[in-house]
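Here the structure is laid out as structure tokens; the discussion comes afterwards.
What you see below is based on every heavy atom in this structure, not just the backbone, and it leaves out hydrogens, waters and symmetry mates.
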Amino acid sequence: MAMANIGIVNALIRITFGLTMLAWATAKMTRRPWCTSYLIIAMLAAMKVGEGITRFCPMTALLENYRREQATRIKEDATINPT
């Protein structure tokens, strides 16, 4: 199981924003069901709600891994002057 990588406040903001956008997109889809952009927005909003509930964001995890790898490379590449 993945560990939580976002805080409580961040999770609550994601849930609130996600539910708001999901309600907006669903209301727009009832008027224009042929417009696919509202469906995409609804899926992205649902993803934000899921991230808030699980407190795990895949993009944050990727960024943290990238930063960790960069720090390791900098340590390995550091040259030591013996003089």
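Remark: S37 OG to R32 CZ distance equals 8.5 Å, nearest 0.5 Å. Atom OG1 of T72 is separated from atom CZ of R67 by 14.0 Å, given to the nearest 0.5 angstrom. Once rounded to the nearest 0.5 Å, the distance linking CE of M43 with CE of M21 reads 13.5 Å.
No continuous path of ILVMFWY side-chain contacts below 4.5 Å connects V49 to I13, so the two sit in separate hydrophobic clusters.
Contact of the Y66 side chain with the R68 side chain is not registered, since no non-hydrogen atoms from C-beta on lie closer than 4.5 Å. In this structure, the side chains of W24 and I41 come closer than 4.5 Å at one or more pairs of heavy atoms.
Salt bridge status for K48 with E51: present, with a side-chain N to carboxylate O gap under 4.0 Å.
Minimum interatomic distance between P33 and T30 (heavy atoms only, all atoms of both residues): CD-O, 4.2 Å. Scanning both residues, A11 and G52, for their nearest heavy atoms gives CB-O, 3.4 Å. Minimum heavy-atom separation, A25 to Y38: CB-O, 3.6 Å.
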Problem - Residue pair R14, I6: steps toward the side chain to side chain contact (heavy atoms under 4.5 Å, CB included) verdict - result: CA-CA 10 Å; R14 287 174 192 252; I6 60 173; 3.6 Å; yes

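A side-chain contact (heavy atoms from CB on, under 4.5 Å) with R55 is found for one member of I8, N5, N10 and no other, namely I8.
Between the side chains of Q70 and R73, at least one donor N or O sits under 3.5 Å from an acceptor N or O.
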